[in-house]
Asker: 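I'd like to ask you about the structure that follows.
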Amino acid sequence: MTARGASGLEWLLSFSDPARGVGWNTASRGGLLWNARRTRMLLDQSGAPDRRMIVVLVAGTKGKGSTAAMLASILAASGVRTGLSTKPHLQAFRERVRVDGVAIADATLATRADALRPHVAELRRRVPAAGAPTTFELTTVLALTHYAEEGCAVAVVEVGLGGRYDATNATDPHVSVITTISHDHTRELGPRLRDIATEKAGIIRPGRVTVSAGQRPEARQVIRAACARTGAQLLEVRPLARSGALVGAHQRANAAAAVAAAQALAEHGIPFHQSAVARGLRALRWPGRFEVVGGTPVTVLDGAHNDGSAAALAATLRSTFPRRRVRLVLGLMEGKDARAVLRPLLPLASAVIATRAPGPRGLEARALARLVRAVPVETVDDPAAALRTARETAQRGEIVCVTGSLALVGAARDALGLPVSERLWAAGAPPHRAVARTDGTRAR
């Protein structure tokens with residue numbers, strides 16, 4: 001089927017590079033610089049929906065999706081209608097676009113996508129030098145349009161790659177959040193932590209609040225300098241005592257950033273109630289991030305895919321399941337530092353089943369297996385078969401842990417018969433109060 005006659009989702013995905021994913025398109029022009037420019041043009045052609053809401057951007061290397069979800073849940077518990085954009089999805093593309101934690105319906109996604117088609121044609125006609133947008137750029141515009149039409153007062157948007165040139169940075173965030181920075185996407189962002197932090201700091205806005213989780217000294221110095229240069233108010237947060245339903249010390253740091261962002265939104269007329277923190281954090285269910293599936297053996301699903309997230313996973317496994325060995329099902333994407341992911345996890349492992357993460361960028365299982373040292377390793381290319389092998393061979397008391405990629409975690413959820421997470425927190429939250437939006441109307 002051609003892109004012209006494709007369904008809404010097929011049409012959206014036709015703007016992706018098959019090898020590099022939804023943030024890339026071989027028909028795009030101008031490199032990273034044009035990502036935000038094309039997105040801004042498409043937003044303006046769509047009536048500038050982002051100008052009708054308060055926008056929060058969440059950048060970082062580790063925990064940005066969790067932080068965004070926590071903030072959205074806290075706002076919902078405060079009675080604020082909130083849009084939430086995260087990536088990647090686990091089992092269904094529509095998980096990337098949520099209102100009050102509920103994933104957009106297939107039919108609505110198709111309708112919103114169809115509405116973008118004339119805007120893409122107009123962009124090509126008016127600015128041929130821009131080339132074609134990417135799927136991620138179009139999804140950003142689609143999501144913000146959906147949130148505006150649904151009467152959201154706030155849009156919490158997870159940044160894609162970096163920050164400065166990311167499509168999401170076409171918006172003008174009222175609050176910018178930077179979670180812990182570690183090494184990832186070094187080919188695009190640079191090899192040093194200072195380089196990566198400089199790109200992430202691109203979401204900082206003059207005179208507005210920037211919330212930063214704990215950072216290594218090199219990254220902290222960059223963020224502080226960027227805030228001083230722009231006159232932004234920097235709030236550096238320490239981990240909370242508790243992170244609600246999400247497990248792990250790293251989630252306490254993410255929770256602290258989410259709470260600080262919610263408090264900062266009060267400057268823009270968004271109500272914040274301290275009592276909503278515990279309710280919002282307790283209610284959140286965030287699949288694929290230290291998600292524990294009961295039964296025998298107990299199975300942990302976690303999308304750790306870089307040095308920082310793998311270290312956090314190892315620490316959480318130790319504290320949650322002390323002295324229990326772990327049978328790892330591991331699959332990464334090409335370009336990731338597999339050795340850095342293996343380093344903190346191998347001391348816990350009784351065995352490794354190396355597999356290939358779904359998608360064209362999945363690292364070959366044999367290539368991954370060659371990096372495993374001092375632990376028995378088996379190669380099973382199919383993720384579902386790899387999980388089955390791990391569960392069938394696990395010894396008494398062992399934990400099975402699926403990690404290395406959120407795409408792999410999504411495949412594991414499918415194999416375990418777990419449904420798409422239609423909502424991230426339970427229905428029946430307090431009724432929404434009428435919150436003034438930036439366009440002068442009232443959120444529903």
Side-chain angles (χ1 to χ4, degrees), residues 23 32 35-36 56-68 70-71 86-87 156-166 168-169 173 175-240 243 248-261 264 289 303-316 335-337 339-341 343-344:
L32 293 176
N35 292 353
V56 180
L57 289 187
V58 184
T61 306
K62 181 165 65 75
K64 55 184 177 176
S66 298
T67 302
M70 287 177 178
L71 173 56
T86 57
K87 39 68 61 181
V156 180
V157 181
E158 179 183 351
V159 173
L161 177 67
R164 177 166 50 158
Y165 298 127
D166 190 70
T168 61
N169 208 32
V175 176
S176 302
V177 181
I178 303 177
T179 65
T180 302
I181 296 172
S182 56
H183 292 91
D184 202 8
H185 297 294
T186 52
R187 183 173 67 174
E188 294 85 8
L189 305 181
R192 301 176 304 171
L193 210 60
R194 175 180 295 275
D195 301 324
I196 298 169
T198 298
E199 295 300 322
K200 307 289 185 186
I203 69 167
I204 293 171
R205 292 297 187 271
R208 291 183 175 169
V209 171
T210 294
V211 176
S212 176
Q215 306 289 352
R216 297 179 190 176
E218 313 96 283
R220 185 184 307 116
Q221 182 180 8
V222 169
I223 294 169
R224 286 178 174 176
C227 287
R229 186 169 58 251
T230 60
Q233 180 186 358
L234 176 61
L235 302 179
E236 296 177 298
V237 298
R238 294 185 176 184
L240 296 185
S243 59
H250 60 294
Q251 295 292 13
R252 293 191 285 110
N254 296 334
V259 172
R289 286 76 171 180
H305 60 272
N306 55 46
D307 55 351
S309 56
L313 171 59
T316 307
K336 300 297 181 182
D337 188 344
R339 287 186 175 87
V341 173
R343 195 173 297 119

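Throughout, numbering of the chain's residues begins at 1 and tracks the sequence.
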Asker: Is the closest side-chain heavy-atom distance between T316 and H250 below 4.5 Å?
Answerer: yes
Asker: Short question: side chain of K200, backbone of I181 - any donor-acceptor pair under 3.5 Å?
Answerer: no
Asker: So, the side chain of S309 versus the backbone of K62: is there a donor-acceptor pair under 3.5 Å, distance only?
Answerer: no
Asker: For side-chain contact (heavy atoms from CB on, under 4.5 Å), just list the numbers for V211 and V237, CA-CA rounded to whole Å, side-chain angles, deciding distance to a tenth of an Å, and then say yes or no.
Answerer: CA-CA 7 Å; V211 176; V237 298; 4.1 Å; yes
Asker: Looking at CG of N169 and CG of L161, how far apart are the two atoms once the value is rounded to the nearest 0.5 Å?
Answerer: 12.0 Å
Asker: Give the intermediate values and the outcome of side chain to side chain donor-acceptor pair (under 3.5 Å) for residues D195 and T198.
Answerer: CA-CA 5 Å; D195 301 324; T198 298; 5.7 Å; no
Asker: Would you give the length of the straight line joining atom OG of S182 to atom CG of D307, rounded to the nearest 0.5 angstrom?
Answerer: 4.5 Å
Asker: One thing to verify: whether E199 and R164 come together as a salt bridge, which I'm taking to mean a side-chain N less than 4.0 angstrom from a carboxylate O.
Answerer: yes
Asker: Of V156, N254, V157, which is the lone residue that meets side-chain contact (heavy atoms from CB on, under 4.5 Å) with V58?
Answerer: V156
Asker: Quick check: closest heavy atoms across P344 and A311, and the distance to 0.1 Å?
Answerer: CG-N, 3.7 Å
Asker: Would you give the length of the straight line joining atom NZ of K64 to atom CD1 of I178, rounded to the nearest 0.5 angstrom?
Answerer: 11.5 Å
Asker: For D166 and G160, indicate whether the former's side chain and the latter's backbone hold a donor-acceptor pair under 3.5 Å.
Answerer: yes
Asker: How far apart are the closest heavy atoms of A310 and A340, and which atoms are they?
Answerer: CB-O, 4.4 Å
Asker: Can you find a heavy atom in the side chain of D337 that is under 4.5 Å from one in the side chain of N306?
Answerer: no
Asker: Please test L234 against I223 for side-chain contact (heavy atoms from CB on, under 4.5 Å), starting from the C-alpha separation and ending with a verdict.
Answerer: CA-CA 8 Å; L234 176 61; I223 294 169; 4.0 Å; yes
Asker: Begin with the C-alpha distance, continue with both residues' side-chain angles, and end with the deciding distance and a verdict on side-chain contact (heavy atoms from CB on, under 4.5 Å) for R224 and Q215.
Answerer: CA-CA 11 Å; R224 286 178 174 176; Q215 306 289 352; over 6 Å; no
Asker: Assess whether side-chain contact (heavy atoms from CB on, under 4.5 Å) is satisfied between C227 and I204, documenting all intermediate values.
Answerer: CA-CA 7 Å; C227 287; I204 293 171; 3.8 Å; yes
Asker: Output every pair passing salt bridge (Lys or Arg N to Asp or Glu O under 4.0 Å) with a member in residues 202-215, not counting sequence neighbours, ordered by first then second residue.
Answerer: D172-R205, D172-R208
Asker: If I compare all heavy atoms of I203 with all of L57, which pair ends up nearest, and what's the gap?
Answerer: CD1-O, 3.9 Å
Asker: Below 4.5 Å, heavy atoms only, C-beta onward: do R238 and R252 meet side chain to side chain?
Answerer: no
Asker: Search all heavy atoms of S66 against all heavy atoms of R289 and return the closest pair with its distance.
Answerer: OG-CG, 3.9 Å
Asker: For the residue pair T179 and G60, what are the closest heavy atoms and their distance?
Answerer: OG1-CA, 3.3 Å
Asker: For a quick test of reading the model, state the closest non-hydrogen atom pair linking A255 to L240 and the distance between them.
Answerer: CB-CD1, 3.7 Å
Asker: What's the verdict on side chain to side chain donor-acceptor pair (under 3.5 Å) for R194 and Q221, showing C-alpha distance, side-chain angles and the deciding distance?
Answerer: CA-CA 8 Å; R194 175 180 295 275; Q221 182 180 8; 3.0 Å; yes
